[in-house]
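Report on the following structure.
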Amino acid sequence: MAYLLGIDIGTSGTKTALFDEKGNTVASAMQEYPLYQPQIGWAEQEPEDWWNAAVETIKQVLSKSGVDPSDIKGIGLTGQMHGMVLLDKEGKVLRPAIIWCDQRTQEECNQITEIIGKERLIEITANPALTGFTASKVMWVKNHQPEIFEKINKILLPKDYIRYRLTGEFATEVSDASGMQFLDVPKRTWSREIVDKLGIDFNWLPAVYESPEVSGKVSRQAAQLTGLLHGTPVVGGGGDQAAGAVGNGIVKPGVISSTIGTSGVVFAYMDQVKIDPKGRVHTFCHAVPNTWHVMGVTQGAGLSLQWMRNNFGGMERELAKFMGIDPYVLMDAEAEKAVPGCQGLIYLPYLMGERTPHLDPYAKGVFFGLSAKHGRNEMIRAVMEGVAYSLRDCLEIIKEMGVQVSEVRASGGGGKSKLWRQIQADVFNSPITTINSTEGPAFGAALLAGVGTGVYGSVPEACEAAIKRVGVQQPIESNVRVYDKYYEVYKGLYYALKDSYLKVAQIERELSGQA
């Protein structure tokens, strides 16, 4: 039996999972680490935390599974996109990584747009300059930390830093590289025009591969630390959304995914490049060679419910610990007691600004319509509904672009919630499908490793062999009518508050300047 390992460098923690060639999960392990916010809107992590978590979870999975490391045919890497890891000539990290949800770089986005030109930037990178993307983060270091900028020898994404530590190779692949804003997305290669005009050394960028291609092999040092076999192939892998899409079977027209992790993503396959001229959704290279995908992103999806749990869910956390269950199970039960629409309580999930469709780093989370009759049940459900409204924003734009939508598959931590799946079915007015694996991006990365090492002939073949539909939830007509009405209110709230968001951001800057 051949086994495949997937390693997912997530925002809240690293998950490592081992699968057999039929797609069954043999063993998995998760280790969390902190996110640092030195200022409001900033988000940083320590790459060494990722590496330590990767080493520990690999060791745990090998121990739990009892599988001989020589039977692991390949390793796939995936993880949070857009993060910036800067290395010096000795391969040492120069500063904490600025990660995907950081919002400090609006001025740098304006600078990039001015240097390249708005239309030309979208023509090459398929996206406008965004605060989340890697390029603006590098420009921020150039503008604010020149002493660090001049020491840069390599710019890596989070999963690619783990690749470097595992193999000694500086490499990435097209799906994750698409989110750096240095890649020519239609041509699937680095853009010298972008890099040169921004004053970035071209040699700082790693080699770029297609996602199933072998990019390196486990080094002796990494083998000693992890228990893996020296020489085990490591494939390109994918950004978490592209890898998660492979793990969901989003590798053909019509089948799309709605993923609720820390962020939320609606993801659709394309065999030709299609670009939203307004830049509201992202067009990136897919992990399936010579194909692309379009995705809309909600910055604070699962993050919103996690925020609710961490700050107001002490009771659920304590009771869950006593009962030996997940606190979210209790929160689901509470939310089910509230009626759809929460009697006019609407939540805007903009805790970390917003991408789709607003592209606004200054947007803030809001509970609108709060009254004395609302309680805990409504607050929790409103968060879940607000995230679903935001995902519908993404879905509507994808349909507007002419992308075929015949099936929606739920995934991510939020996809495990029957209630949240039903809310999505009702808000989207579409059946929501679940599949046999819940391991998400780690599963997709493992399938890519199977393609790269010959276990499967192609990515679609791997998905056909390993993925099965196991359930469908139909929309409830009465709920659809309720959500359609409240969705219209939801859409208008951002525009009613847009100027106030900007004023608050200006006040915050003034106050921090006085401090």
Side-chain angles (χ1 to χ4, degrees), residues 2-9 14 16-18 47-48 50-55 57-59 61-62 69-81 83 85-93 97 153-178 180 183 188-190 203-240 242-243 246 285 287 289 441-442 444-456 459:
Y3 296 92
L4 300 162
L5 194 69
I7 304 171
D8 178 12
I9 313 302
T14 285
T16 297
L18 186 68
E48 193 67 19
W50 303 333
W51 173 241
N52 290 336
V55 170
T57 53
I58 291 168
K59 287 161 63 176
V61 163
L62 291 176
S70 64
D71 289 330
I72 298 175
K73 301 306 179 186
I75 299 169
L77 299 173
T78 182
Q80 52 175 295
M81 297 179 69
V85 184
L86 303 179
L87 304 184
D88 65 14
K89 289 181 180 178
E90 282 72 50
K92 303 296 184 185
V93 175
N153 188 58
K154 280 289 181 287
I155 303 170
L156 297 179
L157 293 157
K159 80 172 192 316
D160 300 323
Y161 177 70
I162 301 306
R163 183 194 322 278
Y164 164 62
R165 295 295 295 270
L166 271 177
T167 69
E169 299 290 340
F170 295 115
T172 189
E173 48 67 50
V174 291
S175 72
D176 212 359
S178 296
M180 293 182 79
L183 194 81
R188 306 172 82 87
T189 187
W190 297 124
N203 293 319
W204 292 354
L205 299 175
V208 61
Y209 291 82
E210 287 290 338
S211 302
E213 285 187 283
V214 174
S215 61
K217 296 182 177 180
V218 173
S219 67
R220 290 189 186 280
Q221 183 180 13
Q224 289 172 353
L225 286 171
T226 61
L228 293 167
L229 185 70
H230 169 233
T232 304
V234 178
V235 301
D240 56 358
V246 170
C285 300
L447 293 178
L448 292 169
V451 176
T453 56
V455 176
Y456 311 110
V459 179

- Message: Test your reading of the model: is there a side-chain donor-acceptor pair from T167 to the backbone of K217, 3.5 Å cut-off?
- Response: no
- Task: Write down the atom of V451, the atom of P212, and the distance for their closest heavy-atom approach.
- Result: CG1-CB, 3.8 Å
- Note on the structure: Smallest heavy-atom separation, G76 atom then A449 atom, equals N-CB, 3.7 Å
- Task: Spell out, as yes or no, whether a donor-acceptor pair under 3.5 Å connects the side chain of T78 to the backbone of G238.
- Result: yes
- Query: Does the S178 side chain pair with the main chain of C285, one donor and one acceptor, at a distance under 3.5 Å?
  - Reply: yes
- Task: Check D8 against G79 and note the closest heavy-atom contact, atom names and distance.
- Result: OD1-CA, 3.4 Å
- Query: Mind checking whether V234 and V218 have side chains closer than 4.5 Å, heavy atoms only?
  - Reply: yes
- Query: Looking only at heavy atoms, what is the nearest atom pair of G6 and A446, with distance?
  - Reply: N-CB, 4.0 Å
- Message: Quick check on side chain to side chain contact (heavy atoms under 4.5 Å, CB included): which of T453, L228, L448 does I75 satisfy it with?
- Response: L228
- Message: Quick check for you: to the nearest 0.5 Å, what is the distance between L225 atom CG and R220 atom CZ?
- Response: 14.0 Å
- Does the side chain of V93 come within less than 4.5 Å of L87's, by heavy atoms? yes
- Item | OG on S70 to NE2 on H230, rounded to 0.5 Å | 14.5 Å
- Nearest heavy-atom pair of A97 and V85: which atoms, and what distance? CB-CG2, 4.1 Å
Per-pair distances, 0.1 Å, donor-acceptor, side chain in residues 154-161, under 3.5 Å, sequence neighbours excluded:
residue	atom	partner	partner atom	Å
K154	NZ	N203	O	2.9
K159	NZ	E173	OE2	2.9
K159	NZ	D176	OD2	3.0
D160	OD1	R163	NE	3.4
D160	OD1	R163	NH2	2.7
D160	OD2	T172	OG1	2.6
Y161	OH	R165	NH1	2.7

- Task: Answer yes or no: is there a side-chain heavy-atom contact under 4.5 Å between T226 and L62?
- Result: no
- Looking at side-chain heavy atoms only, is the closest gap between V174 and Y209 below 4.5 Å? no
- Task: Considering non-hydrogen atoms only, spot the tightest contact between P206 and W190 and give its length.
- Result: O-NE1, 2.8 Å
